[in-house]
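Let me begin by presenting the structure, written as structure tokens, before commenting on it.
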Amino acid sequence: MKNIQHIFFDLDDTLWDTKQNSKRIIEKLYKQHQLQEKLNASLDEFLNVYYSINKNLWQLYSENKITKKQLRETRFKNSFHHFNYFNEKEPIEISNSFIAKTPYETNLINGTIEILSYLSQKYNLHIITNGFKEVQHIKLKQSKLSDFFNHVIISEEFGYNKPDKKIFEIAEQKTGASKSNSIMIGDNPDTDILGANNAGWKSVYFNAENFKNPMATFNINTLIDIKSFL
């Protein structure tokens with residue numbers, strides 16, 4: 001690890017607490033649109049379905065099997081259909097409100113500020129994210145994370161999603177990094193870890209439930225665990 005100079009972080013679910021931030025906004029929209037009555041389901045029941053559908057759609061997006069527009073337009077609609085609620089306009093309205101409001105939420109994964117403060121003293125820190133360009137910079141700014149990172153590489157701006165190794169090669173070009181001095185830290189085994197490994201980088205799999213990924217160079221269940229090897 002002595003060669004490492006550049007540390008690349010995923011943003012969503014690695015530093016920025018996507019689940020909690022999404023929940024806060026969905027809870028407000030759920031009440032505003034009286035969805036408990038329309039869906040005949042509690043907020044928690046809805047969230048369990050929504051999280052699963054959203055995760056699957058993001059996986060399809062990362063594999064270039066659906067578009068950004070399809071992802072945004074179908075995650076709420078498909079969740080509503082699960083509860084036998086069919087309405088063409090309301091899912092779009094809710095999706096638009098969700099997209100506009102959620103990036104301004106500021107819950108972070110435990111240890112985010114501490115580990116970034118620690119690492120920034122010695123390493124060049126960057127972001128590689130599959131998230132959408134119009135919201136990722138808002139999240140970073142509102143959460144007071146922007147100043148930690150030299151470069152924020154948003155896959156949408158370059159036409160390649162993680163795990164495509166081309167986005168990692170673009171990251172090397174943009175930051176002056178190389179395969180031998182780069183490491184990727186993220187929560188998604190299919191985009192962050194597989195992508196980094198395919199690009200010839202070292203990788204760190206972050207999973208709070210302590211699931212292990214044999215493909216990763218390191219496995220951690222808290223961000224502070226990074227201190228044990230960096």
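Quick caveat, the model's predicted, so the values are computed rather than measured.
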Worked check of side chain to side chain donor-acceptor pair (under 3.5 Å) between N210 and N221: CA-CA 5 Å; N210 208 23; N221 59 18; 3.1 Å; yes
Aromatic plane relationship, F46 with Y30 - under 30° parallel, 30 to 60° tilted, over 60° perpendicular: tilted
Residues [X] and [Y]: side-chain donor-acceptor under 3.5 angstrom:
X    : Y    : answer
N161 : S155 : yes
N181 : S178 : yes
K23  : Q20  : no
N3   : S180 : no
K19  : N21  : no

Enclosure of E88 CD (heavy-atom neighbours >12, cutoff 6.0 Å): no
The single option from D187, D192, T129 passing side-chain hydrogen bond (donor to acceptor under 3.5 Å, both in side chains) against T14: D187
Proximity of Y51 and W58 rings by center, below 6.0 Å: no
Validation row, ring centre F86 to ring centre F80 under 6.0 Å: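 They do not qualify: ring centres at least 6.0 Å apart.
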Set of residues satisfying side chain to side chain contact (heavy atoms under 4.5 Å, CB included) with respect to E157, sequence neighbours excluded: K133, I154
Backbone N/O of E73 and side chain of S95: donor-acceptor pair under 3.5 Å: no
Full working for salt bridge (charged side-chain N to carboxylate O under 4.0 Å, His left out) between E114 and K227: CA-CA 10 Å; E114 180 180 344; K227 289 185 177 183; 3.0 Å; yes
Connected-component partners of I153 among ILVMFWY, side-chain separation under 4.5 Å: F8, I128, F158, Y160, I167, F168, I170, M184, W201
